[in-house]
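Data first, discussion second: the structure below is written as structure tokens.
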Number of protein chains: 2
Amino acid sequence: MSTIELNKRQEQILQIVKENGPITGEHIAEQLNLTRATLRPDLAILTMSGFLEARPRVGYFYTGKTGNQLLADKLKKLQVKDFQSIPVVINENVSVYDAICTMFLEDVGTLFVVDRDAVLVGVLSRKDLLRASIGQQELASIPVHIIMTRMPNIAVCRRDDYVMDIAKYLIEKQIDALPVIKDTDKGFEVIGRFTKTNMTKILVSLSENEII
Amino acid sequence: MSTIELNKRQEQILQIVKENGPITGEHIAEQLNLTRATLRPDLAILTMSGFLEARPRVGYFYTGKTGNQLLADKLKKLQVKDFQSIPVVINENVSVYDAICTMFLEDVGTLFVVDRDAVLVGVLSRKDLLRASIGQQELASIPVHIIMTRMPNIAVCRRDDYVMDIAKYLIEKQIDALPVIKDTDKGFEVIGRFTKTNMTKILVSLSENEII
């Protein structure tokens, strides 16, 4: 895979075919006041790069695939499992105060809360903890299950989900992180964490030519 | 711009030029048992896409640019100004309690703190506010300048900075957001906010074929 930039004449050809296609090479050449031979390399480029298709006795027509369609197609196939982070999990009976300490110690923005069967029961964001901490309550005596966002109001993702679907979801819902879960008989088991930091890392990897 | 996939013959040509370049079109054709004319479109593609360069009386040589190098080059040229968000700014004398309320109202993860000349003096993250709120202090009576991260310990970026440099910096320093600043006689004026959410949006735009 590589990227190419179209030159001005190729852009002109695209425009002509968009407006008049299907159209023969001869007719394109006429409109540009050039010979068919002169256009041959440009038409080859446009055809091989997927912009145009050529049909015998019909002519060239526009495929509707605009620039970078293939890159976009590949990005859409990236999966959560290849980029997820390790989750930080706490028990539902831990105090809010201890949860805040865990958050600082582990330096994460989101904690996942589980019951004694290690099944996901809640999520705690920095925002949740901040909201609790400005209340006039004794943080050391409140268990997190009182203040957490609880099932079934928790968005989750799975190993095979597409990164781009999750990215859009995080933006739309203004969430920083999702648990990556595995379905079990008892409920969801937390096996990973997928965050905007993972997204940022994917972007850096793309610019350093490490993905795709 | 578009992405193209090389066909088998083009891959063969690349391999031959890698191993034998600089090499003339004639000699490449010989090795493949094809005519020079047959190869012309392939060589045009490989040259225009940046894989090969051609020099008169020397021949074709391999540029060393592997697939997606050009995409990576373009990603590296994205600038902060094209993707930044609007900053949320508070005065340094505002109370910690009011700062937390502002953070919830505006739904941002980071506040920028300015003095009466509107010059940047500090930054407040959710983490800073959470740390303050678990202390045994009266949040309504402490001004934010007591607890904020203050100049010169604040990382900033400018409109013309490259997105990828900022992305790497955010990951490395585990920061969620940077102020976008303008240099003035008095100091830094805050003109934007650049976050991991912006990075996530760039990634989505790439997958939807909206950038580059």
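A note on names: the letters A, B, ... follow the listed sequences, proteins ahead of strands, and every chain is numbered from 1.
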For a side-chain contact (heavy atoms from CB on, under 4.5 Å) check, start with the C-alpha distance between B:L203 and A:L206, then their side-chain angles and the critical distance, and finish with the verdict. CA-CA 10 Å; B:L203 198 59; A:L206 279 177; 3.9 Å; yes
State, with a plain yes or no, whether a side-chain heavy atom of A:K168 is found less than 4.5 Å away from one of B:E208.
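In short, these two side chains touch, coming nearer than 4.5 Å.
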Residue [X] versus chain B: region with a heavy atom under 4.5 Å:
X: A:L129; result: both
X: A:L130; result: both
X: A:R40; result: neither

Quiz item: Considering heavy atoms only, which positions within residues 191-198 of chain A lie below 4.5 Å of chain B?
Solution: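 At a heavy-atom separation under 4.5 Å, chain B is reached by A:K196, A:T197.
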Can you measure from [atom1] ([X]) to [atom2] ([Y]) and round to the nearest 0.5 angstrom?
X: A:S205; Y: B:M164; atom1: OG; atom2: CE; answer: 10.0 Å
X: A:S207; Y: B:L78; atom1: OG; atom2: CG; answer: 9.0 Å
X: A:T200; Y: B:Y169; atom1: OG1; atom2: OH; answer: 15.0 Å

Other residues, nucleotides, ligands: >12 heavy atoms within 6.0 Å of A:H27 NE2:
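No, because the 6.0 Å sphere around NE2 of A:H27 holds 12 heavy atoms or fewer from other groups.
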Tell me which of these, A:V163, A:L139, A:I100, has more heavy-atom pairs under 4.5 Å with chain B than the rest.
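Heavy-atom pairs under 4.5 Å are most numerous for A:I100.
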*So, for B:A167 and A:V204, which heavy atoms are closest and what is the spacing to 0.1 Å?*
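Smallest interatomic distance, heavy atoms only, reads CB-CG2, 3.5 Å.
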Q.
Evaluate B:D176 against A:R126 for side-chain contact (heavy atoms from CB on, under 4.5 Å), listing each step before the verdict.
A. CA-CA 12 Å; B:D176 288 328; A:R126 279 192 193 135; 3.4 Å; yes
Pairs meeting criterion salt bridge (Lys or Arg N to Asp or Glu O under 4.0 Å) with involvement of residues 105-114 of chain A, two or more places apart:
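Qualifying pairs: A:D107-B:K127.
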